[in-house]
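Before any comments, here is the structure.
Every value quoted in this text rests on a predicted model; they were computed, and no experiment measured them. Every chain is numbered from 1, with letters handed out A, B, ... down the list of sequences.
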Amino acid sequence: GESVGLHLPTLSVQEGDNSIINCAYSNSASDYFIWYKQESGKGPQFIIDIRSNMDKRQGQRVTVLLNKTVKHLSLQIAATQPGDSAVYFCAEKIQAAGNKLTFGGGTRVLVKP
Amino acid sequence: GAVVSQHPSWVICKSGTSVKIECRSLDFQATTMFWYRQFPKQSLMLMATSNEGSKATYEQGVEKDKFLINHASLTLSTLTVTSAHPEDSSFYICSASLGQVGSEGYTFGSGTRLTVV
């Protein structure tokens, strides 16, 4: 079936640098996307979301970009900090499928001091 | 903000026994609750969707007789793993939905680590 996937399983980044995490999705009917951060042994934590009628949204130190043409989603973290070390997931919602979320495979971000 | 409490945070049980996991929305009434399982170094896989007062909708491949879901109120959903086996050992996570978008659209519990021995 269709699913959300990620390009990079692990990303190592120097503290202070910017991080970019990518996500590819295959269902053009997806109308809402969310990025989550998950630390070891914990539940996912909301980072930022974007509707399909937008192509960019900014939060505190984070920016999500949506390219519907190529079905690609990215999360940019500015000035990455040690506390940003975690696994990041993108998730999509398809309105026609109710409000359940489908998660991508995840990217582990390791911040080097 | 919206808070979801999941209990217990970890449990060890013997093969063949049943385990119940609770998911409570503490300060809001959840339209829908979701149950996920997550194996080590893998993503969250949706098991089922439950709405208060109705039967849960299970994802393909998830045994409804093995993973019993009860959603008796707008603030409580339970997942019971029946006749647990070692392969059921996993991280189980619940999520409550307010039926809206934004940071409180979907709130996740802290997860339950189940180990079946």
Side-chain angles (χ1 to χ4, degrees), chain A residues 1-10 21 23-25 30-54 57 59-60 62 64 66 86-110, chain B residues 1-10 21 23-25 30-51 54 56-62 90-115:
Chain A
E2 296 178 310
S3 63
V4 179
L6 293 174
H7 297 302
L8 299 174
T10 304
I21 306 165
C23 180
Y25 66 97
S30 298
D31 61 348
Y32 177 61
F33 303 87
I34 310 174
W35 279 101
Y36 287 98
K37 173 185 180 182
Q38 186 181 30
E39 297 176 317
S40 181
K42 297 182 179 180
Q45 175 186 357
F46 176 94
I47 299 174
I48 192 169
D49 60 351
I50 188 167
R51 294 178 185 264
S52 60
N53 61 354
M54 303 172 68
R57 190 150 189 251
Q60 187 176 13
V62 294
V64 55
L66 175 62
V87 178
Y88 291 80
F89 295 96
C90 63
E92 64 174 341
K93 181 181 76 70
I94 303 170
Q95 187 174 8
N99 61 346
K100 63 181 182 181
L101 294 179
T102 300
F103 280 76
T107 294
R108 178 174 298 280
V109 173
L110 299 175
Chain B
V3 177
V4 169
S5 174
Q6 189 171 340
H7 179 80
S9 56
W10 62 270
I21 302 170
C23 181
R24 294 180 183 271
S25 56
T31 307
T32 307
M33 288 189 173
F34 304 91
W35 287 96
Y36 295 84
R37 67 188 296 181
Q38 184 179 30
F39 292 108
K41 299 182 180 180
Q42 294 189 22
S43 186
L44 283 74
M45 296 300 295
L46 181 66
M47 299 174 67
T49 302
S50 72
N51 293 289
S54 61
T57 301
Y58 289 82
E59 294 298 302
Q60 191 173 8
V62 178
S90 188
F91 193 53
Y92 293 86
I93 308 171
C94 70
S95 171
S97 172
L98 277 167
Q100 63 188 39
V101 297
S103 62
E104 298 187 350
Y106 298 86
T107 304
F108 285 81
S110 55
T112 297
R113 173 77 57 195
L114 170 64
T115 302

Legend entry - Which atoms of B:Gln38 approach chain A - backbone, side chain, both or neither, heavy atom under 4.5 Å: side chain

Legend entry - Contact class of B:Leu44 relative to chain A, heavy atoms under 4.5 angstrom: both

Legend entry - Segment of A:Asp49 engaging chain B (4.5 angstrom heavy-atom cut-off): side chain

Inset, instruction - Measure the spacing between OG1 of A:Thr102 and CE of B:Met45 and express it to the nearest 0.5 Å. - result: 8.5 Å

Inset, instruction - Answer whether the closest heavy-atom distance between the side chains of B:Tyr106 and A:Asn99 falls below 4.5 Å. - result: yes

Legend entry - All salt bridge (charged side-chain N to carboxylate O under 4.0 Å, His left out) counterparts of A:Glu39, not counting sequence neighbours: A:Lys37, A:Lys42

Legend entry - OG on B:Ser43 to CD on A:Gln38, rounded to 0.5 Å: 8.5 Å

Inset, instruction - Pick one of side chain, backbone, both or neither for A:Leu101, based on which atoms fall under 4.5 Å of a heavy atom in chain B. - result: both

Inset, instruction - Applying ring pair (Phe, Tyr, Trp, His ring centres under 6.0 Å), name anything that partners A:Tyr36, two or more places apart in sequence or on another chain. - result: A:Phe103, B:Phe108

